[in-house]
Amino acid sequence: MAENLNDQEKSILQKFLDENVLFLGPDPEIMDNHKLAPESAAETRALAVFNDADQMNLVRHKLQTACNESFDMVEQMGAAPGAKWGDLISGVWTASGDLALSSAGGVLLFSVLTQHPVKFIIKYWMKEPTVGVRPGDIFMHNDARYGNIHNTDQSVIIPVFHEGELICFTGAMVHEGENGATEPGGMPSKAESPFDEGLKMPPFKVGENYTFRKDLMTFLQNSVREPKLQLEGMKSKLYAAMRMESRIKEAIGEYGLEAVLATLRRTLTSTAEEVRRRLRDWPDGTIRQNVFPDGTLRENVLLRLRLAMTKRDDELILDFRGSAPEFVNRANNTVLASCKGMLAQEFLTFVWPDLPRNQAVFEPMTVITDANSALNCSANAPNAQSMMTFFPSFTAAQLAVPKLLYSSKFKATDVVSGWYNMIVTFIYGGLTQHQELVGNLCADLNGMGGGARATRDGEHSIAPIFAPMADIGEQELIEEETPIMKIVPNRVMRDNQGFGKFRGGHGYQQIATVKDSALWGFMCCSIGSKFPSTHGIFGGYGAGTYPLCKVKDVNVFDEMKDRRELLRFSVEEIMNERPFKDASYSTHHMGMQLEWVTSGELYMLTQGTGGGYGDVLERDPSMVVDDYRDGLISKRTVEQIYHVRIDEARKAANLEATAAAREAERGKRKKLGKPYAEFVKGWETKHPPAHLPFYGSWNDPKLIYRGTPTDTCPADAMAGVMMPDPKDVRIAQLEAKLAQQEKV
């Protein structure tokens with residue numbers, strides 16, 4: 001506003017601006033704030049008359065049961081793979097928009113970032129004459145820039161009124177998948193702008209009187225590849241929200257309005273107070289942790305995500321300044337609110353899993369980032385594959401927490417190493433054997449390998465980091481609905497282990513092909529094919545790296561029709577033995593955009609594993625032998641990683657030989673050892689290597705590298721990175737090669 005205007009002129013100009021807003025974009029005031037809303041007058045009155053702890057506990061259990069019941073409804077009725085296997089949540093928000101209670105199962109990440117679209121509805125639509133908020137209204141939303149995770153997630157929210165007064169909201173969020181993006185399945189790694197990411201729904205009204213508007217429903221169905229899925233997903237979420245509304249009204253009838261209002265508010269404040277109490281038990285200090293995403297899904301690059309976690313009294317500060325810049329035409333960027341949600345997941349699931357699922361768990365924490373960085377991208381940067389940066393940011397926090405938790409006086413859970421953090425699965429699109437156009441993903445991503453704990457090994461392929469009670473689904477159902485055939489659906493992979501005194505749980509491999517479709521494509525979207533995406537702790541080793549493997553120019557159905565001996569059950573066997581004589585065998589990073597598939601070609605993925613805990617030389621030899629007997633590790637790993645010697649006659653550890661082998665290994669370590677200052681002097685360089693496309697700070701968090709040692713910018717004036725189209729890069733390489741040959 002011009003400085004030379006007087007107060008009256010400023011008032012007139014401000015009034016004009018307020019009355020002539022051109023576009024209600026994402027509201028920074030809402031999106032930047034993850035704290036609880038101030039206590040309302042109605043909540044204060046309710047707390048004054050309903051404050052018996054036992055009675056409040058009864059009401060809370062009734063509402064929690066309603067959330068769980070609604071969760072089950074969506075899981076049973078939903079048509080999307082994400083709905084069937086638990087990638088969803090249902091919840092109750094206060095009249096101010098705070099999520100007070102949510103289902104115990106599902107994507108707990110939602111528990112911390114679903115308040116933003118509700119608060120948008122309250123701020124902008126309550127008094128807007130063309131919209132309004134009335135009983136029976138139905139609101140919908142999916143755009144991550146207004147809250148939630150990414151645009152594959154669709155939410156349906158309804159207001160709940162009592163005697164004309166708005167008392168709360170209920171609703172459900174589901175990873176629906178297909179949303180009309182430039183690639184099928186809802187997670188387009190090929191997106192170069194938000195306009196390539198499909199439906200971009202800010203919170204808006206899609207129905208009244210508990211009925212969807214037919215014109216808007218038709219518009220939404222016409223915008224996606226699966227119109228029936230769109231309808232079914234919206235209906236299941238609406239009925240779940242309505243069931244919660246009826247349960248809330250039952251609670252009001254039984255206990256009174258004040259009981260419900262007071263319980264919702266007290267659940268939030270008591271959760272925040274409990275988190276602060278537990279934080280006080282942790283030692284004060286700062287822990288630093290780096291993680292390195294190894295690609296944008298379209299090219300191999302190295303990003304640095306830099307975390308300094310400071311615990312001070314009852315507050316936790318997560319400082320990510322100095323991390324990689326945003327990529328303005330790549331989808332691996334993260335909206336800050338989404339990043340906060342993912343960080344909260346660490347505390348909801350792995351640190352304090354006993355706490356209520358609500359946004360107050362993250363209330364005592366502060367996240368600091370550079371603007372326009374990969375973890376706090378601008379509104380114009382695509383974010384459909386935000387998992388490629390916010391999952392590693394979660395890992396940074398997960399690896400840092402044990403260093404504080406280890407010596408804390410009170411622990412609500414185990415010390416755990418880094419969980420596997422990538423969504424290794426097939427995303428697909430095309431025509432099914434039933435001639436239906438579809439686009440979605442397989443739920444195998446829900447089987448991430450667990451990290452080792454301080455007292456025991458990690459579990460094999462147990463659960464994703466974002467939904468501890470989700471399932472991977474049944475292969476038979478996938479084959480009934482789609483032309484995907486899994487030659488090997490989910491088989492634990494040998495040597496796929498985070499090594500340590502206690503090992504991480506093994507991930508699984510899957511080998512897929514296609515049958516009976518005239519048009520079918522696969523995608524996959526993970527990092528970690530060049531550089532591990534998670535690590536071990538306290539001496540434990542991290543997970544390995546896992547490429548995408550393909551066998552092309554073959555139809556395995558023809559090849560194996562009369563020759564079942566060609567069947568192999570592991571990626572290792574197929575790639576090493578190459579049983580199909582004239583086929584092409586290749587390996588790639590796992591950022592594969594949609595690729596059309598010919599029937600009988602093989603695509604092979606490997607779900608990685610959680611990190612190990614403690615020194616490999618301290619692992620009980622009998623546990624090493626058990627893993628060997630179970631086929632989890634090879635003889636080479638037994639001898640060269642764990643330095644255990646096996647008595648083959650007895651199939652048991654030779655303890656005497658093992659002790660000698662381990663003592664020899666300790667001797668080698670001592671010879672390699674050097675004082676820390678001497679190591680740093682020989683290890684550190686002034687700039688990143690010239691051959692490495694490195695993004696982020698190096699020695700100074702205030703200076704950001706943008707791919708080369710000479711291309712830098714200040715961290716407080718971050719300049720986004722524009723990447724060339726990989727096809728253009730390839731064409732230029734071929735043209736240069738051709739020009740060179742012409743000279744010869």
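- Ring centroid separation for the pair F394 and F350 comes in under the 6.0 Å cut-off.
- Here the side chain of S461 pairs a donor or acceptor atom with the backbone of H506 at under 3.5 angstrom.
- Side-chain polar atoms of N490 and D444 form a donor-acceptor pair below 3.5 angstrom.
- The ring pair (Phe, Tyr, Trp, His ring centres under 6.0 Å) contacts involving residues 133-160 comprise F120-Y146, H150-H175, where partners must be two or more places apart or lie in separate chains.
- Between I484 and W520, the closest side-chain pair of non-hydrogen atoms falls below 4.5 Å.
- Judged by distance alone, the side chain of T170 and the main-chain N or O of A241 form a donor-acceptor pair under 3.5 Å.
- A donor-acceptor pair under 3.5 Å is formed between the side chain of S517 and the backbone N or O of L431.
- At a threshold of 4.0 Å, the pair E69-R247 counts as salt-bridged, since one of the basic side-chain nitrogens sits closer than that to a carboxylate oxygen.
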**Study point:** Candidate pair Q64 and N68, rule side chain to side chain donor-acceptor pair (under 3.5 Å), full reasoning
**Key:** CA-CA 6 Å; Q64 181 64 57; N68 296 343; 3.1 Å; yes
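- A distance of 5.0 Å separates OG1 of T263 from CZ of F50, quoted to the nearest 0.5 Å.
- Looking at D32 and K340, no side-chain N of the basic residue comes within less than 4.0 Å of a carboxylate O on the acidic one, giving no salt bridge.
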**Study point:** Derivation and outcome, salt bridge (Lys or Arg N to Asp or Glu O under 4.0 Å), residues D98 and K119
**Key:** CA-CA 8 Å; D98 291 332; K119 289 178 177 175; 2.7 Å; yes
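- Using a 4.0 Å cut-off between a side-chain N of Lys or Arg and a carboxylate O of Asp or Glu, K237 and E176 qualify as a salt bridge.
- S338 and S386 are not linked by any side-chain donor-acceptor pair at a separation below 3.5 angstrom, with hydrogens and angles left out of the test.
- The pair K205-D137 meets the salt-bridge criterion, since a charged nitrogen lies less than 4.0 angstrom from a carboxylate oxygen.
- Remark: E29 engages K123 in a salt bridge, criterion side-chain N to carboxylate O under 4.0 Å.
- The closest side-chain heavy-atom distance from L445 to V424 is not below 4.5 Å.
- Looking only at side-chain heavy atoms (C-beta outward), F161 and I167 stay at 4.5 Å or farther from each other.
- Looking only at atom types and distance, the side chain of T389 has no donor-acceptor partner in the side chain of N332 under 3.5 Å away.
- Between the side chain of N209 and the backbone N or O of T211, no donor-acceptor pair lies under 3.5 Å.
- Counting heavy atoms from C-beta outward, S393 and L343 have side chains that approach closer than 4.5 Å.
- V107 is not listed as a side-chain neighbour of L88, based on a closest heavy-atom distance of 4.5 Å or more.
- Within the 4.5 Å cutoff, the side chain of R357 has no heavy atoms near those of the I89 side chain.
- Proximity of R213 to V206: side-chain heavy atoms (C-beta onward) are nowhere separated by under 4.5 Å.
- Here the side chain of S103 pairs a donor or acceptor atom with the backbone of S90 at under 3.5 angstrom.
- Between T395 and N421, the side chains place a donor N or O and an acceptor N or O closer than 3.5 Å (distance only, hydrogens not considered).
- Of all heavy-atom pairs spanning G185 and I427, the tightest one is CA-CG2, 4.0 Å.
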Practice item. Under the side-chain contact (heavy atoms from CB on, under 4.5 Å) rule, what do F391 and I423 come out as? Steps first, then yes or no, please. Key: CA-CA 10 Å; F391 280 173; I423 45 176; 3.7 Å; yes
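- Note that CG of N151 is 8.5 Å distant from NZ of K200, once rounded to the nearest 0.5 Å.
- Of the listed residues (I478, T482, L605), just one forms a side-chain contact (heavy atoms from CB on, under 4.5 Å) with F426, and that residue is L605.
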Practice item. Take V438 and R225 through the test side-chain contact (heavy atoms from CB on, under 4.5 Å) and record every step on the way to the result. Key: CA-CA 6 Å; V438 299; R225 295 174 179 84; over 6 Å; no
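- No hydrogens or angles considered: a donor-acceptor pair under 3.5 Å links the side chains of E245 and Y210.
- For residues 424-440, the side-chain hydrogen bond (donor to acceptor under 3.5 Å, both in side chains) pairs, not counting sequence neighbours, are K228-E436.
- At distances below 3.5 Å, not a single donor-acceptor pair connects side-chain atoms of K515 with backbone N or O atoms of P483.
- Judged by distance alone, with hydrogens and angles left aside, the side-chain atoms of W419 form no donor-acceptor pair with the main-chain N or O of T534 at under 3.5 Å.
- Distance check, rounded to the nearest 0.5 Å: CG of L24 to CD of E128 gives 8.0 Å.
- Here L355 contributes atom CG and L108 contributes atom CG; the two are 11.5 Å apart, rounded to the nearest 0.5 Å.
- Q607 and Q510 are not linked by any side-chain donor-acceptor pair at a separation below 3.5 angstrom, with hydrogens and angles left out of the test.
- Electrostatic pairing of E254 and K62 counts as a salt bridge here, judged by a charged N lying under 4.0 Å from a carboxylate O.
- Q385 and S189 share no donor-acceptor pair across their side chains, judged by distance under 3.5 Å alone.
- The ring pair (Phe, Tyr, Trp, His ring centres under 6.0 Å) analysis of residues 60-116, with sequence neighbours excluded, yields no pairs.
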Exercise for review: Verify side chain to side chain donor-acceptor pair (under 3.5 Å) between Q154 and Q230, making sure each step is shown before the conclusion.
Suggested key: CA-CA 10 Å; Q154 298 187 17; Q230 184 67 36; 2.8 Å; yes
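- The shortest side-chain heavy-atom distance between P227 and M217 does not fall under the 4.5 Å cut-off.
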